[in-house]
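Computed from a predicted model, the values in this text were never measured in an experiment. Every chain is numbered from 1, with letters handed out A, B, ... down the list of sequences.
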Amino acid sequence: MSQKFYVLDVSYEIEAGKPVILIWAIDESGKRVLLKYDSFRPYFYVLPKEGADLEKLKKKISLVSQPKSPILNMEIVEKKYIGRPKKVIKVTTLIPESVRKYREEIKKFEEVEEVLEADIRFAMRFIIDKDVSPSGWIECETESLGTDKRYRVQEVLKIKDEPKRLEKIEKPNVSILAFDIEVYNKSGTPRPERDPIISIAFADEEGVVSKIAEDKNDAPLLWWFRNHILKKDPDILVGYNVNHFDWPYLIERAKFWKIPLDIGRKVGVPPSTGAYGHISVPGRANVDIYDFAKEVYEVKVKTLENIADYFDVMKKEERIIIPGPEIYKYWEDPSKRELLRKYNEEDALSTFLLSKLFLPFGEQLSYLTGLPLDQVMAASVGYRVEWYLMRIAFKNNELVPNRVERKVTQSYRGAIVLKPLRGVFHNVAVLDFSSMYPNIMIKYNVGPDTLVRPGEKVDPNDVYVSPVGHKFRKKPDAFFKKSLVTLLNLRKKIKEEMKELSEDDPKYRLLNERQKAVKVLANAHYGYMGWPHARWYCRECAEAVTAWGRELILKALKIARELGLKVIYGDTDSLFVIYDKEKVKKFIEIIEKELGFEIKIDKIYKTVFFTEAKKRYAGVLENGKIDIVGFEAVRGDWAEIAKEVQETVIDKVLRTGNVDEAIKYVREVISKLKRYEVPLEKLIIWKTLEKSLDEYKAEPPHVVAAKRALRAGYEVKKGDKVGYVIVKGPERLSKRAYPWFMIKDIKDVDVNYYIEHQVIPAAMRILGYFGVSEAKLRGREDGLWKFFKK
DNA sequence: TCCGGCTGTTG
DNA sequence: TCTTGCAGCCGGA
């Protein structure tokens, strides 16, 4: 009988010398099962050199066959390689690990041009070939193998026929368990070989539980951790920054005590490091919520508290926050241990609540790309696009190009940014080309397969010529075009389906996440082409796309002016115009008719303000909300106090036009600073260490502060955010930068720096354009001051 | 006073 | 480890 299964993860194992695909799944009744499929075999392609004798080559390949993993089959197949038809030999073997060895050997043959698709992991190969989607459904004929002590599932089943993809949107009840650990860290950054775990908390649908270590022996805690997961048997494990902190720490501590950490669904198998630096747990999806947080760029300092606060999951004012460097104190003091427990539990709970919010999108991205849920968010944007493209390639009989090491090649020209008209404007419409780059790629059939290479002869009627001279064949459809059309049509279909549903239908929510995932993938295609690491890298293609984009926006600008629309500003695919309803309507029609692209009103500003700087403006939207773009207020590398001041000034000036009140407000903040009444946390400046400390040529403040933290015993590495504060003293500024947690007394802080270099510049950036002088802002009269300065 | 290093942003 | 264009701070010559 045919059965339906929701796929959680796909892996494989070698059983009796043969590979068996393992599909960890949930059946329609909610039973956790393991499906075994034993008739899939690893393979790769051999692309012969021009004119090579294929039969001879086959014989030569058969000679390298090894008994442990013999070459089972060789077949000459017709494929396409970057759009050109090719005859290749498909070589099938037995053991996935042997593919690499065969590749290295066969690559050396003089008749061989390239060995292709020999670097696709076996489980992914299966997912692509059988069109299986993790976080989606399959249907197949099965035979029960009953229970099996080796696997922690309710039933093991053997797939008797072929697993078939099933389009079914409903989701079974997938169980989520969140956890968080706290560790002892008296001497700065905790070290697992020395510092024990002092508290662990779990959170799920049923609530929160935790356990605190009684002494420095954390073995009981580790056993409790293991047994709690096994008891709960979650499908998805979540945590915050677990891939780079909690898991490596737990694994080290478990090693120290020789405690088995086999918390997955395979008995005796501990977590291991996966392809994208994530921790892989057999049979469960181990998901790091930090991977979602990374992409929430509205939140600058991405601590769990900040992300949870931003998404209204747990407000900062309503919870306990213990600063990292002080955690150990709460454990050492018995009267404070309950606070530590509370803190730990609130972290686990907020992680759980965030996972409910984020996972649906991750599941849809997983469904589309084919990457299992635990990998898809850990993988970078480029890899997500690439796995999606590999599925498209398989469906179109296209060979997947190998990854090639490329030097940092010459860069290319990007988009156009118009110089804004300086000042305050009312009733401004922002007109945006819809999906400009994807639509250019589709219209001009852009791709490495249609690109006319130097020396190739073509009829001028058969190609599109970009403004920078690159030519693309009009036929057949480019590989990227197929991919994009598929995505754009899918999005249309999803949106139509959504119209039939009410917004509180769970199916609506799922479809909405899916259409968002589709959009993300489509929009990343252009950037992918310009990524030197991409398999389908094509610099000329990316260059042509931006060139067509520039042409398009300039043509639109001309049309707007001819219609008498006043253009204030424009960037890449948008034009800001004074909103004249009739003219804008006409403009949209002309763009559609004459240029063949869709342009839409994205938003309307009641008031919008520009300095002469590009990519910086602020406005009040029709709904009354303030929108700030580019200015210090929306950057993460300015002190909170400066951002707050600028935001308030913008609000006052744009909404009420009350410049005097803004001045009064700034003066008050300056006075507060002088009286040390602004809390330290609003004075921290956060910057990322983009390199490791010894790579810096210069010594900017955040590097100086980072070095101080390092000397104090804190681990500081590339990619970390460093929060520093400027203190008083005679030396130059950077020498006075200290890590925020090393400041003992707020009176050590150089408030003058914050007044002169943070608050006043941030306020003046706006007020300067309303005729306010720095002297006036400081409370002095204009005149003499100005005279002396000049 | 100018330039390069550096970061975080932009669409 | 998806792209380029841009502003602005800081140190050092």
For this session: Flag the pair Glu543(A) / Met529(A) as yes when at least one side-chain heavy-atom distance between them is below 4.5 Å, and no otherwise.
Result: no
Exercise. Can you name the residues that form a salt bridge (Lys or Arg N to Asp or Glu O under 4.0 Å) with Glu386(A), not counting sequence neighbours?
Worked result: Arg403(A), Arg535(A)
Problem set entry | Neighbours of DNA chain C within residues 724-739 of chain A, by heavy-atom distance under 4.0 Å | Arg732(A), Leu733(A), Ser734(A)
Exercise. Rounding to a whole Å, what distance do you find between Arg539(A):CZ and dT4(C):P?
Worked result: 10 Å
Exercise. Which residues within residues 630-643 of chain A lie with some heavy atom under 4.0 Å of an atom in DNA chain B?
Worked result: Gly630(A), Val634(A), Arg635(A), Gly636(A), Asp637(A)
Seminar exercise, completed: Separation of dT4(C) atom P from Gln410(A) atom CD, nearest Å, is 11 Å
Exercise. Within this structure, what is the CD1-to-P distance between Ile628(A) and dA7(C), rounded to whole angstrom?
Worked result: 19 Å
Problem set entry | Interatomic distance at P, dC6(B) relative to dT1(C), whole Å | 15 Å
For this session: Name the first nucleotide and the last nucleotide along DNA chain B (5' to 3') that come under 4.0 Å of a heavy atom in chain A.
Result: dG5(B) to dG11(B)
Exercise. By a strict heavy-atom criterion of less than 4.0 Å, which residues belonging to residues 415-424 of chain A are in contact with DNA chain C?
Worked result: Ala415(A), Val417(A)
Exercise. Which part of the nucleic acid, if any, lies within reach of Ser411(A) when heavy atoms closer than 4.0 Å are counted: base, sugar-phosphate only, or nothing?
Worked result: sugar-phosphate
Problem set entry | With Pro739(A) via side-chain contact (heavy atoms from CB on, under 4.5 Å) - residues at least two apart | Ala705(A), Arg708(A), Ala709(A), Phe741(A), Met742(A)
Exercise. Just how far, in rounded Å, is C1' of dC2(C) from CE of Met441(A)?
Worked result: 11 Å
Exercise. Going by an N to O cut-off under 4.0 Å, is there a salt bridge joining Lys614(A) and Asp571(A)?
Worked result: no
Exercise. Under 4.0 angstrom, heavy atoms only, what part of the nucleic acid is Gly527(A) near: base, sugar-phosphate, or nothing?
Worked result: base
Exercise. Touch check for Val385(A), heavy atoms < 4.0 angstrom, all strands: base, sugar-phosphate only, or nothing?
Worked result: nothing
Seminar exercise, completed: ring-ring contact (aromatic ring centres under 6.0 Å, His included) filter on Trp638(A), not counting sequence neighbours, yields none
For this session: Using heavy atoms to find the nearest nucleotide of DNA chain C for Arg765(A) and Val381(A) separately, return the residue whose nucleotide is more 5′.
Result: Val381(A)
Exercise. Any side-chain donor paired with an acceptor under 3.5 Å for Tyr769(A) and Glu612(A)?
Worked result: yes
Seminar exercise, completed: In whole angstroms, the gap separating C1' of dA7(C) from NZ of Lys615(A) amounts to 11 Å
Problem set entry | Any side-chain donor near an acceptor of the partner, Asp288(A) and Trp247(A), under 3.5 Å | no
Seminar exercise, completed: By ring-ring contact (aromatic ring centres under 6.0 Å, His included), Tyr753(A) pairs with (sequence neighbours left out) His757(A)
Exercise. Can you tell which of Leu389(A), Thr369(A), Val381(A), Leu484(A) makes a side-chain contact (heavy atoms from CB on, under 4.5 Å) with Leu521(A)?
Worked result: Thr369(A)
For this session: Return the value, rounded to whole Å, for the distance between atom CZ of Arg413(A) and atom P of dC6(C).
Result: 10 Å
Seminar exercise, completed: Rounded to whole Å, the CZ-C1' distance (Phe480(A) to dC2(C)) equals 11 Å
Problem set entry | N or O in side chain of Arg550(A) less than 4.0 angstrom from dT4(C) OP1/OP2 | no
Exercise. Tyr383(A) near the nucleic acid: base, sugar-phosphate alone, or nothing, with a heavy-atom cut-off under 4.0 Å?
Worked result: base
For this session: Would you please say whether a donor-acceptor pair under 3.5 Å links the side chains of Glu598(A) and Ser434(A)?
Result: yes
For this session: In whole angstrom, give the distance that lies between atom OH of Tyr412(A) and atom P of dT3(C).
Result: 7 Å
Problem set entry | Distance test, side-chain N/O of Ser380(A) to OP1/OP2 of dC2(C), below 4.0 Å | yes
Problem set entry | Pair Phe770(A) and Phe609(A), ring centroids less than 6.0 Å apart | yes
Exercise. Using a cut-off of 4.0 Å on non-hydrogen atoms, how would the nucleic acid contact of Val629(A) be classed: base, sugar-phosphate, or nothing?
Worked result: sugar-phosphate
Exercise. Heavy atoms under 4.0 Å, any strand shown: does His702(A) hit a base, just sugar-phosphate, or nothing?
Worked result: sugar-phosphate
For this session: Determine, using ring centers only, whether Phe472(A) and Tyr464(A) are less than 6.0 Å apart.
Result: no
Solution key, residues 681-689 of chain A side-chain donor-acceptor pairs under 3.5 Å, sequence neighbours excluded:
residue: Lys682(A); atom: NZ; partner: Glu644(A); partner atom: OE1; Å: 2.9
residue: Lys682(A); atom: NZ; partner: Glu644(A); partner atom: OE2; Å: 3.4
residue: Thr688(A); atom: OG1; partner: Lys721(A); partner atom: NZ; Å: 3.0

Problem set entry | Sorted by number, the residues of residues 686-700 of chain A with heavy-atom contact under 4.0 Å to DNA chain B | Lys687(A), Thr688(A), Glu690(A), Lys691(A), Tyr696(A), Lys697(A), Ala698(A)
Exercise. Does the pair Lys516(A)/Glu513(A) count as a salt bridge with the N-to-O cut at 4.0 Å?
Worked result: yes
Exercise. When you check the gap from the basic side-chain N to the acidic O, do Glu592(A) and Lys600(A) get nearer than 4.0 Å?
Worked result: no
For this session: Write out all pairs satisfying salt bridge (Lys or Arg N to Asp or Glu O under 4.0 Å) with one or both partners inside residues 375-385 of chain A, taking only residues at least two apart or from two chains.
Result: Glu295(A)-Arg384(A)
For this session: Please name all residues satisfying ring-ring contact (aromatic ring centres under 6.0 Å, His included) with Phe425(A), sequence neighbours left out, ordered by chain then number.
Result: none
